[in-house]
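Input: a single structure, listed below in structure tokens.
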Amino acid sequence: AALTVGNVTKSEALAELSSRGPRVGDHAIKPDITAPGTDIVAARAADTSLGTPVDASYTRASGTSMATPHVAGAAAILLQQHPGWTPTQIKAALVSTALPHDDLTVYEQGGGRVDVARASMQGVYAGPAPLDFGFLPFPQTELDPIVRTITITNTRGEDVTLQLSSAAEHATGTPAPDGMVTVGQATVTVPANGTAAVDVTVNPALGDTGVYSGFVVGEAADGTRVSLPLGLNKEQEVYE
């Protein structure tokens with residue numbers, strides 16, 4: 001349930017020491033989101049030497065310890081705007097409005113780099129975030145299709161219609177075959193100050209074994225955009 005943060009540079013590149021997923025044990029997507037965490041100048045505690053001191057009040061440092069405060073601040077802004085929101089809602093709003101990097105997998109960036117302006121002003125978000133399909137044991141041909149229901153929330157005063165799509169690729173860079181990851185409908189209209197449910201289905205029988213990652217995306221004509229990172233791991237051919 002923790003909102004886990006990866007470290008990207010100011011040019012959006014993933015930092016070398018930023019932790020990557022899948023998470024050990026359940027193969028879940030981690031991190032959930034990224035933020036600038038390289039060469040960040042921040043407050044320096046008196047008489048300390050952490051990082052590279054700039055002056056008596058500030059120091060320069062790198063790491064997820066510098067990226068995470070950006071996301072904590074974004075979460076605080078959302079909570080001030082929406083005092084009744086739960087941590088799950090805040091996490092979904094931040095992750096689904098983040099900016100994905102085309103060259104990174106969801107196991108490197110989660111939903112992408114935090115975009116506090118979009119998260120706080122767009123008024124539309126989706127969850128749960130991320131969208132984990134987890135570990136699928138061999139042989140996958142014996143598994144039924146897996147359906148996850150996502151909820152899109154609209155806090156605006158007018159309806160919002162989104163065009164829906166999904167895309168995923170194998171860890172080798174090969175696109176997932178048609179029909180492996182599908183969205184239950186092409187469009188969805190989310191009522192003003194309301195929610196709408198959409199089903200996302202994975203067919204385990206399709207595609208090679210290995211790790212897949214991708215996004216479910218909803219876009220409106222006015223530039224509104226939500227994207228949920230999705231991932232799964234098809235176990236290689238093994239026998240007892």
Side-chain angles (χ1 to χ4, degrees), residues 2-16 18-23 27-38 64 67-68 70-71 73-75 78 89-134 148 150-153 160 162-176 180-183 188 198 200 202 211-233:
L3 179 53
T4 311
V5 183
N7 168 14
V8 294
T9 68
K10 295 170 187 176
S11 61
E12 310 289 353
L14 189 69
E16 181 180 357
S18 185
S19 296
R20 291 141 169 90
R23 185 168 61 193
H27 302 261
I29 295 172
K30 288 292 177 178
D32 298 297
I33 199 168
T34 62
T38 302
T64 51
T68 301
H70 286 92
V71 179
L78 291 185
Q89 288 175 294
I90 292 173
K91 180 177 179 179
L94 289 173
V95 174
S96 66
T97 59
L99 180 64
H101 193 296
D102 291 341
D103 295 334
L104 299 177
T105 73
V106 299
Y107 297 107
E108 295 171 317
Q109 65 175 334
R113 193 257 299 145
V114 63
D115 187 342
V116 63
R118 184 178 290 272
S120 64
M121 298 173 64
Q122 177 170 265
V124 180
Y125 68 93
L131 190 58
D132 269 313
F133 287 86
R148 298 273 191 272
I150 64 174
T151 299
I152 303 174
T153 300
V160 175
L162 301 174
Q163 302 291 322
L164 302 174
S165 63
S166 63
E169 66 176 28
H170 192 270
T172 59
T174 304
M180 184 178 181
V181 180
T182 56
V183 182
V188 61
V198 176
V200 179
V202 163
V211 175
Y212 288 82
S213 64
F215 286 89
V216 173
V217 178
E219 296 179 290
D222 64 358
T224 297
R225 185 181 190 276
V226 293
S227 58
L228 283 175
L230 67 89
L232 60 101
N233 185 357

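Numbering starts at 1 and runs along the sequence shown.
- Closest non-hydrogen pair, Tyr107 versus Ser213, comes out as CE1-CB, 3.8 Å.
- Counting only heavy atoms from C-beta outward, the side chains of Val217 and Glu219 approach each other to under 4.5 Å.
- How far CG of Leu104 is from CD of Glu12: 9.5 Å, rounded to the nearest 0.5 Å.
- Of all the heavy atoms in Asp132 and His27, the pair that sits closest is OD1-O, 4.5 Å.
- Scanning all heavy atoms of the two residues, the minimum distance from Gly6 to Ala67 falls at O-CB, 3.6 Å.
- Residues Ile150 and Leu131 have side chains in contact (heavy-atom distance under 4.5 Å, counting atoms from C-beta outward).
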Given Val216 and Val183, is the side-chain contact (heavy atoms from CB on, under 4.5 Å) satisfied, shown in steps? CA-CA 8 Å; Val216 173; Val183 182; 4.1 Å; yes

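- Annotation: side chain of Gln109 is not in contact with side chain of Pro31 (no heavy-atom distance under 4.5 Å).
- Across all their heavy atoms, Ala92 and Ala129 have their closest contact at CA-CB, 3.9 Å.
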Please walk me through it: do Thr34 and Val5 pass side-chain contact (heavy atoms from CB on, under 4.5 Å)? CA-CA 5 Å; Thr34 62; Val5 183; 5.6 Å; no

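- Between Ser227 and Arg225, the side chains place a donor N or O and an acceptor N or O closer than 3.5 Å (distance only, hydrogens not considered).
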CA sep, side-chain torsions, deciding dist, call: Val106, Leu230, side-chain contact (heavy atoms from CB on, under 4.5 Å): CA-CA 7 Å; Val106 299; Leu230 67 89; over 6 Å; no

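- Counting only heavy atoms from C-beta outward, the side chains of Leu3 and Val95 approach each other to under 4.5 Å.
- Counting all heavy atoms, side chain and backbone alike, Pro229 lies closest to Ile29 at O-CD1, 3.8 Å.
- A distance of 12.0 Å separates OG1 of Thr182 from CG of Leu164, quoted to the nearest 0.5 Å.
- Using a 4.5 Å heavy-atom cutoff, the side chains of Lys91 and Asp32 are in contact.
- Of the possible donor and acceptor atoms, one in the side chain of Ser120 sits under 3.5 Å from a partner among the backbone N and O of Ala117.
- No donor-acceptor distance shorter than 3.5 angstrom exists from the side chain of His70 to the backbone of Gly37, with no hydrogens or angles considered.
- Side-chain atoms of Thr38 and Asn7 include a donor-acceptor pair closer than 3.5 Å.
- Counting heavy atoms from C-beta outward, Tyr125 and Gln89 have side chains that approach closer than 4.5 Å.
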What do the steps show when you test Phe133 against Val200 for side-chain contact (heavy atoms from CB on, under 4.5 Å), and what is the final call? CA-CA 10 Å; Phe133 287 86; Val200 179; 4.1 Å; yes

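- Judged by distance alone, the side chain of Thr174 and the main-chain N or O of His170 form no donor-acceptor pair under 3.5 Å.
- In this structure a side-chain-to-backbone donor-acceptor pair under 3.5 Å is missing from Arg118 to Val116.
- To the nearest 0.5 Å, atom CG of residue Leu14 and atom NE2 of residue His101 are 9.0 Å apart.
- Ala93 and Leu78 get closest at one heavy-atom pair: CB-CD1, 3.9 Å.
- Considering only heavy atoms from C-beta on, Ser166 stays 4.5 Å or farther from Phe215 through its side chain.
- Val226 is listed as a side-chain neighbour of Gln122, based on a closest heavy-atom distance under 4.5 Å.
- Rounded to the nearest 0.5 Å, atoms CE (Met121) and OG1 (Thr224) are 11.5 Å apart.
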